[in-house]
Amino acid sequence: MTAPTKPMQSTAADTPSAHSALHEPVITWFEDHARDLPWRRPEAGAWGVMVSEFMLQQTPVARVLPVYEQWMARWPRPADLAEEAPGEAVRAWGRLGYPRRALRLHGAALAITERHGGDVPAQHAQLLALPGIGEYTAAAVASFAYGQRHAVLDTNVRRVFARAVTGSQYPPNATTAAERKLARALLPEEERTAARWAAASMELGAVLCTARNENCGACPISGQCAWRLAGKPEHVGPPRRTQSYAGTDRQVRGKLLAVLRESPGPVPRAALERVWDDRIQRARALDGLVSDGLVEPLPGGLYRLPTGPPSGQKP
DNA sequence: TACTCGTGGAG
DNA sequence: TCTCCAAGAGT
């Protein structure tokens with residue numbers, strides 16, 4: 001008998017409507033300020049989006065751009081990459097870093113060719129099953145390339161949410177269940193809007209609300225930012241992990257692989273020994289590269305980039 | 001969960 | 001110079 005006479009007022013912090021005030025200003029800001037990146041153009045297609053996402057895992061946009069262009073010109077479809085030797089992918093990867101990504105991208109192209117008729121799959125679960133694709137990349141490809149509704153939670157979005165919603169300067173070191181829940185709660189209901197929100201919130205963190213600078217003066221949601229309204233309290237909690245590099249196996253692997261990348265054919269062991277003095281560490285790094293499938297040992301103390309069937313990919 | 005895995009530019 | 005950190009994935 002007592003039908004509600006006034007619209008329901010939602011105040012719960014975990015309902016979409018509670019935060020919908022963020023959507024419009026961020027999406028509008030994005031429409032005006034989005035960078036013109038090649039993988040955002042229609043001609044990039046799902047394969048272009050996927051290639052860019054692999055390259056952008058832990059590598060800045062500016063360094064990805066030239067390699068992306070060369071990659072797409074050489075391998076415009078997954079099948080084009082799939083018929084190459086995996087070592088060619090590693091070579092073309094250049095100095096983007098984390099070259100296992102190149103191997104995984106090659107493996108993903110192979111799987112797409114064999115299992116999906118050469119087309120990048122649109123289903124999140126199918127994307128997730130490909131080598132090198134985790135929760136973030138699966139959501140990103142499904143959202144950016146196919147316009148689907150997914151929570152796309154990368155380091156930029158995590159930082160924006162930490163500040164705007166949670167009120168802290170930085171997100172936790174590792175992604176938490178609470179962050180995923182928040183990302184889902186913030187996702188607009190409508191598919192189209194959700195996809196735009198994903199790209200917009202990420203761009204905001206990438207160009208405006210960065211780790212080193214907040215740029216609140218130019219921020220479309222500074223008026224409702226929890227961190228700013230709290231007076232920008234400094235980061236508390238466990239120190240943010242800083243990665244060392246000099247002297248690590250990673251550095252040695254990088255030097256060894258650089259020699260192989262720059263050589264058109266197999267190189268003798270001596271050429272590799274020249275780049276690092278510590279024999280023990282050098283051997284350990286080389287073994288690691290071989291077991292990762294990034295280097296192929298040949299008889300006679302020769303080494304080269306892999307030519308054979310790519311190892312380390314899901315069957 | 002915490003650790004490994006490259007590289008180079010900005011402040 | 002040196003510290004920080006950049007659209008993560010895999011184990």
Side-chain angles (χ1 to χ4, degrees), chain A residues 34-35 37-40 44 48-68 90 93-105 107-108 127-145 150-160 169-177 179 183 198-207 209-213 235 238-261 275 284-285 287-289 291-295 311-314:
Chain A
R35 292 167 293 177
L37 301 169
W39 43 86
R40 285 177 175 166
V49 171
M50 182 174 146
V51 169
S52 76
E53 290 303 334
F54 269 76
M55 293 182 173
L56 289 165
Q57 293 168 2
Q58 301 286 281
T59 302
V61 167
R63 283 171 45 211
V64 164
L65 283 169
V67 181
Y68 171 85
V90 174
W93 196 255
R95 309 185 69 82
L96 289 182
Y98 294 145
R100 292 187 295 188
R101 291 180 293 164
L103 226 43
R104 290 172 185 150
L105 181 51
L127 288 164
L128 200 55
L130 297 173
I133 294 193
E135 179 58 41
Y136 161 76
T137 304
V141 172
S143 181
F144 301 158
H150 292 283
V152 181
L153 198 56
D154 79 321
T155 185
N156 293 306
V157 174
R158 293 180 62 219
R159 185 175 52 252
V160 169
Q169 187 177 18
Y170 298 115
N173 271 334
T175 306
T176 63
E179 287 181 277
S201 54
M202 189 177 313
E203 186 80 346
L204 187 71
V207 308
C209 191
T210 66
R212 290 182 201 259
N213 207 325
H235 175 75
R240 317 180 61 211
R241 249 177 67 211
T242 66
Q243 45 179 354
S244 57
Y245 180 64
T248 63
D249 286 4
R250 249 175 28 259
Q251 184 182 18
V252 185
R253 288 167 57 108
K255 285 181 176 295
L256 293 172
L257 203 59
V259 172
L260 294 168
R261 264 200 319 262
V275 302
R284 186 172 64 233
D287 281 350
L289 289 170
S291 66
D292 283 348
L294 284 163
V295 172
S311 58
Q313 66 159 322
K314 306 172 190 175

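Just so it is clear: chains get the letters A, B, ... in the order the sequence lines come, proteins before strands, and each one is counted from 1.
- The P atoms of dG8(B) and dA9(C) are separated by 23 Å, rounded to the nearest whole Å.
- Under the rule for a side-chain contact (heavy atoms from CB on, under 4.5 Å), the partners of P172(A) that lie at least two apart in sequence or sit in another chain are R158(A), T176(A), E179(A).
- Computed from coordinates, the Q251(A) CD to dT7(B) P distance equals 9 Å when rounded to whole Å.
- In this view, V295(A) and L257(A), L260(A), L286(A), L289(A), V290(A), Y303(A) satisfy the side-chain contact (heavy atoms from CB on, under 4.5 Å) rule, not counting sequence neighbours.
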List the protein contact pattern of nucleotides 2-9 of chain C with one symbol per nucleotide (5' to 3'): B for base contact, S for sugar-phosphate-only contact, - for none; contact means a heavy-atom distance under 4.0 Å. --BBBBBS
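- The CZ atom of R250(A) sits 10 Å away from the P atom of dT7(B) (whole-angstrom rounding).
- The NZ-P distance, from K255(A) to dT7(B), rounds to 9 Å in whole Å.
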Please list, one pair per line, the donor and acceptor atoms closer than 3.5 Å that link side chains of residues 132-145 of chain A to other protein atoms, with sequence neighbours excluded.
| unit_1 | atom_1 | unit_2 | atom_2 | d |
| --- | --- | --- | --- | --- |
| E135(A) | OE2 | H124(A) | NE2 | 3.3 |
| Y136(A) | OH | E53(A) | OE1 | 2.8 |
| T137(A) | OG1 | Q57(A) | NE2 | 3.1 |

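- The interatomic distance linking M55(A) (CE) with dG6(B) (P) rounds to 16 Å, in whole Å.
- Remark: R240(A) engages Y170(A), N173(A), H235(A) in a side-chain contact (heavy atoms from CB on, under 4.5 Å) (not counting sequence neighbours).
- Using a 4.0 Å heavy-atom distance criterion, Y245(A) is classed as a base contact.
- Using a 4.0 Å heavy-atom criterion, one finds that L96(A) contacts the bases of the nucleic acid, with or without backbone contacts as well.
- Counting to the nearest Å, the P atom of dT4(B) and the CG atom of L289(A) are 16 Å from each other.
- Counting to the nearest Å, the P atom of dG6(B) and the CZ atom of F54(A) are 16 Å from each other.
- Across the P atoms, dT4(B) and dA7(C) are found 22 Å apart, a figure rounded to whole Å.
- For the pair Y68(A)/L37(A), no side-chain contact is recorded, criterion being any heavy-atom separation below 4.5 Å from C-beta on.
- Considering only residues two or more places apart in sequence or on other chains, V67(A) meets the side-chain contact (heavy atoms from CB on, under 4.5 Å) condition with M55(A), L96(A).
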